[in-house]
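Each ligand, and each atom within it, is numbered from 1 in the order the structure gives.
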Amino acid sequence: MVIDLTAWQQLQQECNASGVTMVAVSKTQPIEAMERLYSYGQRDFGENYVQELLQKKDLLPSDIRWHFIGHLQTNKVKLLVPFVYRIHGVDSLRLWQAIDRQAGMANRSVGCLLQVHIAREETKFGLSHEELNQVLDATHNGETLAYAPLCGLMGMASMTEEVVQIQEEFRGLHRLFQSLKAGRFADSRDFHSLSMGMSGDFRIAIEEGSTQVRIGSLLFGPRPQ
Ligand SMILES: *Cc1c(COP(=O)(O)O)cnc(C)c1O
């Protein structure tokens, strides 16, 4: 059940007012539902699975900006780089370098976001602060990855009802983002995205400084099983 135009406009306005981009997370959702959102004006879509994304992008308008937000395997990178707009969730140097290499071969630039682990749960992907610094040290502040410029950071908060917990996790990520932006990336034209916030916690994320929210079920209704 896709939300109606008025509800979409309200969400869009809420995001715009804070300078936030709303990425519509369409994994497992049918093409018709995506076309509906497209007709409202939605252009940023997020997908988690490579095969599904490859099928969908051929069926939908070419001015869509595709964000890959799932866990990406290195051997699938070359399938995405010819068309993908952003890859959120880069969580290893190896993956980042593979994106750079393949994007170079495709002769285009693919903006990347490094995923930082901020949740309490063990299961979520992402780099610890220490691992993040190691990755950044190894790439000379990102300058060597010409075809995979670092656009910012991405994180997912704990699955909890405790607002304070979620606030603290987002706040910590924002602080890290700001310190990199003022430090290593002070001269970067690319490093300006902080991808945090989903259907259940996007308002908290915006309050804590998010620049991109990834919203699925609130736009599309519950995901088909
Ligand atoms: C599925 C997913 C979302 C959207 O989740 P909703 O709760 O439906 O808004 C956002 N980010 C990532 C990484 C996801 O996998």
* Cation-pi geometry met for Lys27 and Tyr49 (6.0 Å, 45°) -> no

* Tell me, please, whether Tyr38 has Arg43 positioned over its six-membered ring: NZ or CZ under 6.0 Å from the ring centre and within 45 degrees of its axis? => yes

* Structure fact -> of all protein heavy atoms, closest to atom 9 (O) of ligand 1 is Ser199 OG, 2.5 Å

* Between the candidates Arg223, Arg214, Lys27, Met198, which shows the shortest non-hydrogen contact distance to atom 14 (C) of ligand 1? -> Lys27

* To do: Report the member of Ile215, Val25, Ile69 with the shortest heavy-atom distance to atom 13 (C) of ligand 1.
  => Ile69

* Asked: Donor-acceptor pair, Gln42 side chain versus Asp44 backbone, under 3.5 Å?
  -> yes

* Asked: With no hydrogens and no angle check, is any side-chain donor or acceptor of Asn107 less than 3.5 Å from a backbone partner on Gly104?
  -> no

* Asked: Which is it for Asn48 and ligand 1 at heavy atoms under 4.0 Å: side chain, backbone, both or neither?
  -> side chain

* Would you find a donor on one side and an acceptor on the other, under 3.5 Å apart, between the side chain of Asp190 and the backbone of Pro149? -> no

* Asked: Who's closest to atom 7 (O) of ligand 1 heavy-atom-wise, of Gly216, Gly197, Ser217?
  -> Ser217

